[in-house]
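One structure below.
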Amino acid sequence: MLWLTLVAILIIPALSQQDPVREIHWASNPGCPDNFTRWDCNETQILHVMAKGPNDTINYLWAFYSKPALLMAVTEPEARLQIDWNQLGNSSKRLIRFDPQPTYSFGLVLDRIIEFYDPLDKADMTQANSSIVWDCRKFSWTVKDVTSGVENLRVELLGNNYGNGSKIGNVSVVLSAFGRDGYGPLLPHMQHSNNASQVEITLKNLETSEDFKSESRFGLQLMVVDSVPGEGMDEVFHRRSLDDEHTPGVFDINTLQTPEVRKGEAGGYMEWRPVAYTSPVRAIEESTSAVHYPLRNVSQAHLKGTLLHDFYGHNLAHVLVPQSLNISFGIAEDGFYDATKYNAWTFTMAYGQPPKDKFSLLVIMILAVGLGLPTVIFVFGGTYMCVKKCRTRRDEPLVN
Amino acid sequence: MEDPEEVVTNPRRRQDEEDDVSCCSPAHLCSRALALLLMCILGFGSYFCYDNPAALQDYFKHDLQLTTTEFVYLYSWYSWPNVVLCFVGGFLIDRVFGIRLGTVIYAFLVVVGQLVFALGGYLGKFWLMVVGRFIFGIGGESLAVAQNNYAVLWFKGKELNMVFGLQLSFARVGSTVNFNVMEPLYGWVSHYYHGYTCLGVVLFIAATTTLLSLISALILTVLDKRRERHIGQNSVGGTEEVVRLSDVRYFPVTFWLVAGICVSYYLAIFPFIALGKVFFMRKFEMDPKDANFVNSLVFIISAVASPLLGLLVDKVGRNAFWVLVSVVSTLGCHALLAFTFLNPYIAMVGMGVSYSMLASALWPMVALVIPDHQLGTAYGIAQAVQNLGLALVTMLAGVIVDKGGYLLLEMFFLGWLCVALLISILILIIDSNGDGLLNMSASQREAWETQRSEQADLEREKLLASGAMADVSPQDQLQRSDFHIRNRFLSRIGAPLPEHCQRGRRYQALR
């Protein structure tokens, strides 16, 4: 029957095999020597998070010196991290190494925040007449909170004191590492696999330029690179999903994927929904668009001094293909940034294949019961009716 | 209401009128056509303004900072007063106000309600808007009852069906015009005003249609006074539809099942249209004007298809079957909207046709199972329960959108349609267990009716002749199947019956 096949199509993906759970361990400033001068070893500027699985470990290196950098490296389960602390940021050699070498790595740097003037209310960063750059190097980044569990970790990072107080504004970055499939805790409840981390960037109370007369919007420039030589990322891929249970009213997902992922193998990818929230409450009424722009190849000079440069060394210049991804926040008639002075955007950064959409159990149950019950009654009722009619027909001649 | 002098002069005036049938005479076609037009316009304003929130949903939410949960209060508070008024409204018209004054009062309430609603928008006070919708609700539904009453007064017999159909089509046209006009209107007004002030001004402009309804109510009053003076009839002759709640005990199961469909089916249509615009904008990426147009497809199609399908169902019969078909096809349309990205025009056209089909097949079923003198109560109950369902479920729908998204909302509507499906299957089963009346074809029904009246006459003659009326119960008179009639006759003449036919009553032998 039709409804049986429909239910089967929906149930099978939902009950599909679950990936094994990873254990999360973490260390702050691992191996930081006592004579290290750049910052106090008690002040977390490098976080090493290990998501240990049976066959491999996903290592996240989150570094906040210079520009915030997020590195994801897939290694053997017992790989060790070595950091050449004293030369950090000052050499073009590979200062951060895993032993044995990672099979794959994917890195991201929060390069700059861009304020662009949008008098025509187009919400298109490429058409902006003028813009002002906030270089992420000029924020001072401090870890405010680390909450850890066996299967997850949450780090709250705050960037403020831009240019030693020359501009007012906070950038909050919440980093999460997950060891289990699931959905993000806050809207947009991004779906993640057990090989995933999540990044939430919030631009709070950034001081807009007076020249822009409160008609300006903000955007981000991210730098991405992966360990596969010669190949850059695929262009951002937009797909529509039927299920908006987790992000009510939003049916789109954007994916930045490496060619490996496109070919069906395991590789790095980023996923996000094209929404940004304009209030901590995060209701759909308080959302605006997150618009992405085509990838561009960039020079490795932008990554100098960051963790990625210390990890990849001179490969960055010669073999690997760093690219920039630009995202802007806003949509026509939303009142610009100054309406709420709050933009929050979330993306997942993970390894493997992007998680498949599946309907929740509730949906399946409603369909099963809702269509099954009438069908059953129809069948039984119909047979009962026929039987009764046959019996009545038999009765009549007897009375005569 | 008539003064004594007029009564005295009445006969002479009537004679004058018979000799001189001018265009101004109430009996003449022109006058009745004018009255028909006015009756249609009477309902136009209220239907136009009913769906104003749906046509401007995204502006309501943006300008007044409303969540979907709050937005739907504009609909549920329209329905709340009508849970009670469905009983009381008709009674008020018949006994307290009279048709003319009643219609004017209700039209006035509609105007006041819409003005308060617009004022609330202009000032940015949401609570005032809800109050306005409440007042609007008190007037709106009762105005529809008044409209029907006017139709019954002015038109009779076969004409009446056509008039009802026309009134309904006009109402649907009102809804359609609303969906297609409000968006451009808001765009124009937003050049001069902004935010919720713009919304308020737009709603004030929409209120002019209600003024139109009030004016036609006033003109109808004048025309009806003249008609009454000339024809001298102030109430519906024959069966008076009175609302008597004690009748409820005698309603058959099939009526409650039909009422169940009235509730569960319409719950999957009206709240969906209320929330449809933003759904189409977000899921199918339509711009506001197109989203409104798609939303209005159900009403546009219903305006045209309702009379046609009504004719079809009248000719062909088999109402219960058509109800089942409508429910299944609406299920299919909602499933398309929920589980595919297929062009929503297809699903909405399907929904429009199914909705018209169901309306044409379902409401006559009430008249089939309920005797004439209880029809008033029956329709009142069906409407009251429907409004109760709408009030509650619309609020729930808003919460679902906010918390669970549009897929879950569609699942919610699919759930209600599955309930309607279950009930319509039950109706088919129970009805075919009984006399099969609800699913007979038109010719079968005619034959059945003549047979029943013949049987009843025959029975009455026999029993009157033998003088044994005392032991005949009302139930005997209503026994319908051949089997039972033959059984009763045989037992009365004392013939021995086979074992398995001993079920049921043993009758006293006739002397």
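Side chains included, hydrogens not; waters and symmetry mates left out as well; all remaining heavy atoms used.
A/Phe359 CZ to B/Leu407 CG: the interatomic distance, rounded to the nearest 0.5 Å, is 5.5 Å. Atom-to-atom distance recorded for A/Thr375:OG1 and B/Leu421:CG is 7.0 Å, nearest 0.5 angstrom. Taken to the nearest 0.5 Å, the CG atom of B/Leu417 stands 10.0 Å off from the CG atom of A/Leu371. One finds the NE2 atom of B/His62 at 10.5 Å from the CD atom of A/Glu286 (value rounded to the nearest 0.5 Å). Here A/Asp243 contributes atom CG and B/Tyr406 contributes atom OH; the two are 14.5 Å apart, rounded to the nearest 0.5 Å.
With a threshold of 4.5 angstrom between heavy atoms, A/Leu187 does not approach chain B through any atom at all. In this structure, chain A has a heavy atom under 4.5 Å from the backbone of B/Ala338, while its side chain stays farther away. Neither the backbone nor the side chain of A/Ser279 comes within less than 4.5 Å of any heavy atom of chain B. Within the 4.5 angstrom heavy-atom criterion, only backbone atoms of B/Leu428 (N, CA, C, O) approach chain A. For B/Thr68, the parts sitting under 4.5 Å from any heavy atom of chain A are the backbone and the side chain alike. When heavy atoms are compared at a cutoff of 4.5 Å, B/Leu66 approaches chain A solely by way of its backbone atoms N, CA, C and O. Proximity to chain A is absent for every atom of B/Asp58, based on heavy atoms less than 4.5 angstrom apart.
When all heavy atoms of A/Pro374 and B/Cys418 are compared, the closest pair comes out as CG-O, 3.8 Å. A pairwise comparison of heavy atoms in A/Gly249 and B/Arg282 identifies O-CD, 3.0 Å as the closest pair. Taking each heavy atom of B/Phe339 and A/Leu242 in turn, the nearest pair found is O-CD1, 3.0 Å.
With sequence neighbours left out, the salt bridge (charged side-chain N to carboxylate O under 4.0 Å, His left out) criterion links B/Asp290 to no other residue. With sequence neighbours left out, the ring-ring contact (aromatic ring centres under 6.0 Å, His included) criterion links B/His334 to B/Phe272, B/Phe413.
Taking B/Trp416, B/Phe341, B/Phe412 one by one and counting their heavy-atom pairs under 4.5 Å with chain A, the maximum is reached by B/Phe341. Per-residue heavy-atom pair counts under 4.5 Å with chain A were compared for B/Leu408, B/Leu331, B/Val419, B/Ile430, and the maximum is reached by B/Leu408.
Taking 4.5 Å as the limit, some side-chain heavy atom of A/Arg240 sits within range of a side-chain heavy atom of B/Glu285. Within the 4.5 Å cutoff, the side chain of B/Leu414 has no heavy atoms near those of the A/Ile366 side chain. The side-chain heavy atoms of A/Phe378 and B/Ile429, taken from C-beta on, include no pair separated by under 4.5 Å.
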